[in-house]
Amino acid sequence: LEGIEPHQLIEAVGFMRVAHALRPDNVYALYNLGNILSALCEDDESIAAFRAALARAPDLLAAQFNVTEVYRRQWMWDELADSARKVLAVDRGSVGHMANCLAEAYDGLRDPDPWLRAAREAAEIQPKNANARNNYALHLSFRGKLKEAEAEFRTALELDPTNENALRN
């Protein structure tokens with residue numbers, strides 16, 4: 001929604017609310033409403049719109065991803081962790097970003113080692129993702145757990161022998 005003036009966003013909120021009223025089954029009206037409200041930093045309403053869209057279409061990954069960002073902005077740690085796990089469960093491409101979201105959530109929840117926990121959880125959710133395994137291996141190596149790290153690096157390379165990050169590490 002970059003480049004759109006605030007008054008245009010406010011108008012768009014009205015249009016999306018009308019669209020939703022006319023077609024309450026249209027999840028994209030709710031999804032778009034959530035995005036517009038998020039751009040306006042109307043986070044409570046944005047979360048409500050995303051949650052309503054996800055209640056009707058639980059597999060709408062874009063809505064899950066975007067509500068994750070709103071939870072992050074609001075420091076809603078439990079919700080952030082839950083939402084990041086849901087995205088990780090279905091989207092291989094977002095492993096780095098969602099692992100960071102998990103780590104932020106665990107840090108907010110005062111986990112003693114949030115980054116290692118998040119990397120481990122991402123690798124558990126996506127065990128065949130070479131980047132997730134490599135990331136976990138890095139966090140293990142940073143903590144001096146070298147044998148475990150080496151095993152994870154090897155697993156990452158078995159999954160993807162061309163993975164430049166795992167080869168470099």
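Each residue takes its place number in the sequence, starting with 1.
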Hydrophobic cluster partners of Phe15 (side-chain heavy atoms under 4.5 Å): none
Which residue pairs pass the side chain to side chain donor-acceptor pair (under 3.5 Å) test when at least one of the two sits in residues 101-112, sequence neighbours left out? Arg72-Glu104, Arg85-Tyr106, Tyr106-Glu121, Asp111-Arg117
Are the side chains of Glu69 and Cys101 in touch, meaning some heavy atoms are under 4.5 Å apart? yes
Nearest heavy atoms of Ala149 and Ser141, plus distance in Å: CB-N, 3.7 Å
Glu150: what forms a side chain to side chain donor-acceptor pair (under 3.5 Å) with it, not counting sequence neighbours? Arg154
Report the residues that fulfil side chain to side chain donor-acceptor pair (under 3.5 Å) with Ser46, sequence neighbours left out, ordered by chain and then residue number. none
So side chain to side chain donor-acceptor pair (under 3.5 Å) across residues 48-60, not counting sequence neighbours, yields Arg51-Tyr71
Answer yes or no: is there a donor N or O on one side and an acceptor on the other, between the side chain of Arg73 and the main chain of Ser38, under 3.5 Å? yes
Say whether, by atom type as modelled, one donor and one acceptor occur between the side chain of Arg133 and the main chain of Pro127 under 3.5 angstrom. yes
Ring pair (Phe, Tyr, Trp, His ring centres under 6.0 Å) contacts in which one or both residues fall within residues 22-57, not counting sequence neighbours: none
Partner residues of Leu61 under the side-chain contact (heavy atoms from CB on, under 4.5 Å) criterion, sequence neighbours left out: Val87, Val90, Asp91
Indicate whether any N or O donor in one side chain lies under 3.5 Å from an N or O acceptor in the other, for Glu152 and His139. no
Would you say the side chain of Arg143 lies within less than 4.5 Å of the side chain of Glu148, judging by non-hydrogen atoms? no
For Leu30, what are the other residues in its hydrophobic cluster, where any two members join if their side-chain heavy atoms are less than 4.5 angstrom apart? none
Side-chain donor-acceptor distances from residues 161-169 under 3.5 Å, at least two apart:
residue : atom : partner : partner atom : Å
Thr162  : OG1  : Asp160  : OD1          : 2.7
Asn163  : OD1  : Asn165  : N            : 3.1
Asn163  : OD1  : Ala166  : N            : 2.9
Asn163  : ND2  : Asn131  : OD1          : 2.9
Asn165  : OD1  : Arg168  : NH2          : 2.4
Asn169  : ND2  : Asn134  : OD1          : 3.1
Asn169  : ND2  : Asn165  : O            : 2.8

Return the set of residues passing side chain to side chain donor-acceptor pair (under 3.5 Å) with Asn129 (not counting sequence neighbours), or none when no residue passes. Gln126
Would you sort out whether Glu42 and Val13 count as a side chain to side chain contact (heavy atoms under 4.5 Å, CB included), showing the intermediate values? CA-CA 11 Å; Glu42 296 291 340; Val13 168; over 6 Å; no
Could you tell me the separation between the CD1 atom of Ile10 and the CG atom of Leu37, rounded to the nearest 0.5 Å? 10.5 Å
With sequence neighbours excluded, give me every side chain to side chain donor-acceptor pair (under 3.5 Å) pair touching residues 16-27. Arg17-Glu45
Salt bridge (Lys or Arg N to Asp or Glu O under 4.0 Å) partners of Asp82, counting only residues at least two apart: Lys86
Nearest-0.5 Å distance, CG of residue Leu54 to OG of residue Ser83: 7.5 Å
If we only count heavy atoms from C-beta on, is the His97 to Thr68 side-chain gap below 4.5 Å? no
